[in-house]
Amino acid sequence: MREHSYAVYIMASHTGVLYVGLTNDLQYRGSRHKSDQIEGLTRKYHCHRLVYYQRFQFLRAAIAREKQLKGWSGTKKIALIESVNPP
């Protein structure tokens, strides 16, 4: 039986736009963001830099974390990002 791994991640643009997403293949999803293959906010604002990710074994936990982060203010997201990637 294959183990699954899920990642909640935040991509950023050079102008400060943040995108929160969920994937089961972070490397592949990151490459799609960087090449503007994902329509919507990430293509419009060029959210190409992976600035945060958190791995989960269970999909429900990952979905709950994604929803939590999406509900946060930009200031709170930046504080989280800076806690793992100091400026």
Side-chain angles (χ1 to χ4, degrees):
M1 185 171 162
R2 182 176 173 233
E3 273 192 46
H4 292 283
S5 174
Y6 304 95
V8 174
Y9 64 93
I10 301 176
M11 300 291 287
S13 73
H14 288 289
T15 60
V17 174
L18 299 174
Y19 174 83
V20 177
L22 170 67
T23 185
N24 66 348
D25 189 338
L26 190 57
Q27 185 175 1
Y28 175 73
R29 183 64 59 90
S31 70
R32 289 184 44 93
H33 278 284
K34 289 177 184 181
S35 62
D36 284 329
Q37 293 180 12
I38 297 180
E39 294 184 26
L41 185 130
T42 59
R43 182 183 292 170
K44 181 177 179 180
Y45 295 103
H46 307 289
C47 296
H48 296 162
R49 290 185 323 156
L50 178 65
V51 293
Y52 172 85
Y53 71 94
Q54 184 178 359
R55 293 210 179 265
F56 294 87
Q57 181 179 0
F58 299 106
L59 181 58
R60 286 184 189 203
I63 290 170
R65 180 64 165 164
E66 179 192 28
K67 287 180 180 181
Q68 180 186 42
L69 294 181
K70 284 185 174 187
W72 285 9
S73 68
T75 303
K76 195 168 179 180
K77 290 175 193 171
I78 290 168
L80 173 66
I81 293 163
E82 288 179 348
S83 75
V84 294
N85 295 308

Pairs under 3.5 angstrom only: tabulate donor-acceptor contacts from the side chains of residues 11-21 to other protein residues two or more places apart or in another chain.
residue	atom	partner	partner atom	Å
S13	OG	T15	N	3.2
S13	OG	T15	OG1	2.9
S13	OG	G16	N	3.2
S13	OG	V17	N	3.0

Output side-chain donor-acceptor pairs under 3.5 Å for residues 77-87, partner residues at least two apart or in another chain, one line each.
residue	atom	partner	partner atom	Å
S83	OG	L80	O	2.6
N85	ND2	V51	O	2.4

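Using a 4.5 Å heavy-atom cutoff, the side chains of L59 and L22 are in contact. Between H33 and L50, the closest side-chain pair of non-hydrogen atoms is not below 4.5 Å. Side chains of I38 and R29 form a contact here, defined as non-hydrogen atoms less than 4.5 Å apart. Counting only heavy atoms from C-beta outward, the side chains of T23 and Y28 never approach each other to under 4.5 Å.
In this structure, OG1 on T42 lies 10.5 Å from CD on Q37, to the nearest 0.5 angstrom. A distance of 10.5 Å separates CD1 in I10 from CD in E66, rounded to the nearest 0.5 Å. Remark: E39 CD to R32 CZ distance equals 9.5 Å, nearest 0.5 Å.
Taking both residues in full, the closest heavy atoms of V8 and A62 are given as CG2-O, 3.2 Å, listed atom of the first, atom of the second, then distance. Of all non-hydrogen atoms in H48 and D36, the two that sit nearest each other are NE2-OD1, 2.8 Å. The minimum heavy-atom distance linking F58 with Y6 is given by the pair C-CD1, 3.9 Å.
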Could you walk me through whether R55 and L26 pass side chain to side chain contact (heavy atoms under 4.5 Å, CB included), step by step? CA-CA 9 Å; R55 293 210 179 265; L26 190 57; 4.0 Å; yes
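Residue-environment remark: NZ (K70) exceeds the threshold of 12 foreign heavy atoms within 6.0 Å.
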